[in-house]
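Worksheet: the structure to be examined is printed underneath.
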Amino acid sequence: MNGITAARPVVKVAHRRGTRRGRGTLTALVFLLPALIVFGAFSWWPIVRGLLISFQRTNLVDPAEWVGLANFATLFADPLLGTAVGNTLLFVGLALLIGFPAPLVLAAVMSTVRRGAGVYRFLVYLPVVIPPVVAILLWKWFYDPGHGLFNELLGLAGLGPFPWLDSPDSAMLSLVLQSTWAGMGGAVLIYLAAIVGIPSELYEAAQMDGASIRARIWHIMLPQLRPVIGLLLLMQLINTMQVFTEPYVFTGGGPENATLTVLLLIFRYAFQDGDYGQAAALSFLLAIVLGLLSALYLRATRSWSAS
């Protein structure tokens, strides 16, 4: 009996604590409810709505007609889909080949600069501040086949003129060069912050062991930067697979559909052809691909942390 009597206060205290915890959770939910409603209305509902539209034929004004998988069948029968996917993969490949290592190399060089480092960082980040359309129009003048800056400079060396944007062979490369210039400033600063955070003792120990600069970069700097490199790689893949502004403003998808990308094709389906169902279907497929990339990245980062 004494043991039972002594246990009753403990049960009461535990009950009161549970009641307080429940009230605290309820209060937190009440405060979070407006944010959850706004987030659901402007983030999740458009996603659900877009998924529904991919199975409908609609102009967003008249009542929608349910067509099932017909939009996907029409999409896969469109020869422009293969062109758009191939061009997008080409843009992604060139961006990885040119635009991905450039910020890392530039950050490694800038990390050794002591005098005027702030000026160099400002100049590197400046293109990011310029509005994208303004930067593209500026580069469009640079690429002008008649009196553009690039052909004028190359002409001084007896080269050119080159049809930068007017040739299917060079149009995509021209877009990648501008995109790399415009977007690498943020990646450079991220790499710089990560490089500065590497303990100097690691470099000093390697130098005392006679390691060369190449060995220090390969065995110290790159392994320390592996999580940052992986994250920026994923971000670049996602961003480049959704490239739209550059081909839309530079070339409109030309010449001869050489710069037609997946997102530009979605734009054409929706706002030129008025086929919102087909545009939503292609958007849904693109979202699946990007989701798979994100899942692969998360799995890879878990294996890195485990090792």
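Sequence positions, counted from 1, serve as the residue numbers for this chain.
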Compare every heavy atom of [Y] with every heavy atom of [X], then report the nearest pair and how far apart it is.
X    : Y    : answer
T88  : T240 : CG2-O, 4.3 Å
T58  : D62  : OG1-O, 4.0 Å
N71  : A281 : CB-CB, 4.2 Å
T112 : A108 : CG2-O, 3.7 Å
I238 : S294 : CD1-OG, 3.8 Å
M221 : I195 : SD-CD1, 4.1 Å

Can any side-chain N or O of [X] pair as donor or acceptor with the backbone N or O of [Y] at less than 3.5 Å?
X    : Y    : result
Q236 : A95  : yes
S179 : L175 : no
S43  : G40  : no
S174 : S170 : yes
T259 : G254 : yes
N87  : N257 : yes
T261 : Q242 : no

If hydrophobic clusters are built by linking Ile, Leu, Val, Met, Phe, Trp and Tyr wherever their side-chain heavy atoms come under 4.5 Å apart, do [X] and [Y] end up in the same one?
X    : Y    : answer
F250 : L149 : yes
L237 : L225 : yes
V289 : V243 : yes
L89  : L264 : yes
V109 : V119 : no

At what distance, to the nearest 0.5 angstrom, does [atom1] of [X] lie from [atom2] of [Y]?
X    : Y    : atom1 : atom2 : value
F72  : Q278 : CZ    : CD    : 10.5 Å
Y125 : L192 : OH    : CG    : 13.0 Å
I266 : L286 : CD1   : CG    : 5.5 Å

Does the side chain of [Y] come within less than 4.5 Å of [X]'s, by heavy atoms?
X    : Y    : value
E65  : Q56  : no
M241 : V262 : no
I98  : L173 : yes
P161 : P145 : no
L232 : Y191 : yes
L36  : F39  : no
L231 : I190 : no
L104 : I229 : yes

Evaluate the criterion side chain to side chain contact (heavy atoms under 4.5 Å, CB included) for residue pair F76 and L285; output intermediate values, then yes/no. CA-CA 11 Å; F76 286 118; L285 294 178; 3.8 Å; yes

In this structure, are over 12 heavy atoms from other groups packed under 6.0 Å from [X] atom [atom1]?
X    : atom1 : result
W66  : CH2   : yes
F244 : CZ    : yes
E256 : CD    : no
R57  : CZ    : no
W181 : CH2   : yes

Taking the six-membered ring for Trp, are F150 and F162 closer than 6.0 Å centroid to centroid? no

Who pairs with W141 by ring-ring contact (aromatic ring centres under 6.0 Å, His included), at least two apart in sequence or on another chain? none

Mind telling me whether Y143 and W139 have parallel, tilted or perpendicular rings, with 30° and 60° as the class edges? perpendicular

On the 0 to 90° scale, with breaks at 30° and 60°, tag the F267-Y248 ring pair as parallel, tilted or perpendicular. perpendicular

Apply side chain to side chain contact (heavy atoms under 4.5 Å, CB included) to the pair I53 and R49, showing each step before the final yes or no. CA-CA 6 Å; I53 291 176; R49 178 63 176 152; 3.9 Å; yes

Evaluate the criterion side chain to side chain contact (heavy atoms under 4.5 Å, CB included) for residue pair F55 and V67; output intermediate values, then yes/no. CA-CA 6 Å; F55 298 100; V67 295; 5.7 Å; no

Partner of Y269 under side-chain hydrogen bond (donor to acceptor under 3.5 Å, both in side chains), picked from D78, T74, D275, is D78

For residues W164 and N151, is any side-chain donor paired with an opposing acceptor at under 3.5 Å? yes

